[in-house]
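So the structure is just underneath, and the comments pick up after that.
This is a predicted model, so every value here is computed, not measured. Start at 1 and go down the list; that is how both ligands and their atoms are numbered.
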Amino acid sequence: MKLILAIINNDDSINASAELNSAGFFVTRLSTTGGFLMVGNTTLLIGTEDQDIDKVKDILKKTCATRKHVASTRNSLGRGLKNDGLPEEVTVGGATMFVLTVDEMAKL
Ligand code: 2BA
């Protein structure tokens, strides 16, 4: 069994979760924040069997778009906002995915 962590854009999270649910996957959504842009994103936790990883990948590819984001400031957590000069354009997403091996999963 595997646990997939998928970090996706908030705007894609409803569609991605709905498509995953329709395909029979169980999904937990966490509200998270990217450490670079300091902008909210969504992390999906998906527990699934090894042979279904590619199905999850396909759904995330289909539902999660890449976007350009212009960062006007570099936020420095705990030290307030810091402006490092010129705005910087970065490409974000579609999905950043980690696949972890699970020793045991139980619903008690
Ligand atoms: P953020 O950390 O806010 O990063 C947003 C985008 O900024 C990234 O898009 C990337 O284009 C750029 N970026 C991030 N760190 C950078 C750095 N040190 N130098 C230059 N550019 C940088 P994505 O790569 O698509 O990542 C989207 C979000 O996924 C990230 O938001 C973060 O929340 C998560 N993420 C991506 N890679 C990760 C990793 N290796 N470990 C943990 N979280 C990751």
Side-chain angles (χ1 to χ4, degrees):
M1 179 158 206
K2 302 288 186 195
L3 177 66
I4 298 172
L5 307 185
I7 303 161
I8 64 175
N9 195 289
N10 285 341
D11 294 338
D12 294 327
S13 67
I14 303 283
N15 274 348
S17 307
E19 291 254 355
L20 287 162
N21 283 157
S22 300
F25 294 101
F26 287 69
V27 179
T28 297
R29 296 152 46 96
L30 303 176
S31 294
T32 46
T33 303
F36 188 71
L37 295 175
M38 299 290 182
V39 166
N41 51 29
T42 299
T43 299
L44 303 181
L45 307 186
I46 308 151
T48 188
E49 299 303 330
D50 295 25
Q51 68 270 14
D52 289 332
I53 298 292
D54 285 342
K55 285 189 206 155
V56 173
K57 262 190 203 169
D58 288 344
I59 291 171
L60 293 176
K61 268 189 206 156
K62 192 174 82 176
T63 54
C64 300
T66 56
R67 293 173 170 80
K68 300 276 184 205
H69 184 105
V70 178
S72 53
T73 57
R74 288 278 188 90
N75 302 335
S76 176
L77 202 61
R79 283 178 281 153
L81 283 177
K82 183 170 72 168
N83 193 333
D84 279 341
L86 291 174
E88 192 176 343
E89 186 179 79
V90 292
T91 303
V92 186
T96 300
M97 185 174 146
F98 300 88
V99 181
L100 289 72
T101 299
V102 174
D103 285 341
E104 184 183 347
M105 184 245 171
K107 293 189 180 182
L108 305 174

Ligand-side contact atoms (ligand 1) for residue partner Leu37, heavy atom cut-off under 4.0 Å: 1 (P), 3 (O), 5 (C)
Per-atom contacts of ligand 1 with Thr91, taking only distances under 4.0 Å to non-hydrogen atoms: 9 (O), 10 (C), 11 (O)
Identify, for atom 29 (O) of ligand 1, the protein heavy atom at the shortest distance, and state residue, atom and that distance. Ile7 CG2, 3.4 Å
Protein residue, atom and distance nearest to atom 23 (P) of ligand 1, heavy-atom basis: Gly93 N, 4.0 Å
Might you confirm whether atom NZ of Lys2 has over 12 heavy atoms from other residues, nucleotides or ligands at distances under 6.0 Å? yes
Residue and atom name of the nearest protein heavy atom (relative to atom 40 (N) of ligand 1), distance in Å to one decimal: Phe98 CZ, 4.0 Å
As an exercise, state the distance from CG of Leu60 to CG of Leu20, rounded to the nearest 0.5 Å. 5.5 Å
Could you identify the single nearest non-hydrogen protein atom to atom 19 (N) of ligand 1 and state the distance to 0.1 Å? Phe36 CE1, 3.7 Å
Testing the basics here: between Ile59 and Ala16, what is the closest heavy-atom pair and its distance to 0.1 Å? CG2-O, 4.3 Å
Show your reasoning for whether side chain to side chain contact (heavy atoms under 4.5 Å, CB included) applies to Asp11 and Arg67. CA-CA 11 Å; Asp11 294 338; Arg67 293 173 170 80; 3.7 Å; yes
Does Asn41 have a non-hydrogen atom less than 4.0 Å from ligand 1? yes
Gly35 versus ligand 1: do any nitrogen or oxygen atoms come within less than 3.5 Å of each other? yes
Shortest non-hydrogen contact from Thr32 toward Thr42: OG1-C, 3.7 Å
At a 4.0 Å threshold, what atoms of ligand 1 neighbour a non-hydrogen atom of Gly34? 1 (P), 2 (O), 3 (O), 31 (O), 33 (O)
Would you mind checking which non-hydrogen protein atom is closest to atom 27 (C) of ligand 1, with the distance to 0.1 Å? Val92 CG1, 3.8 Å
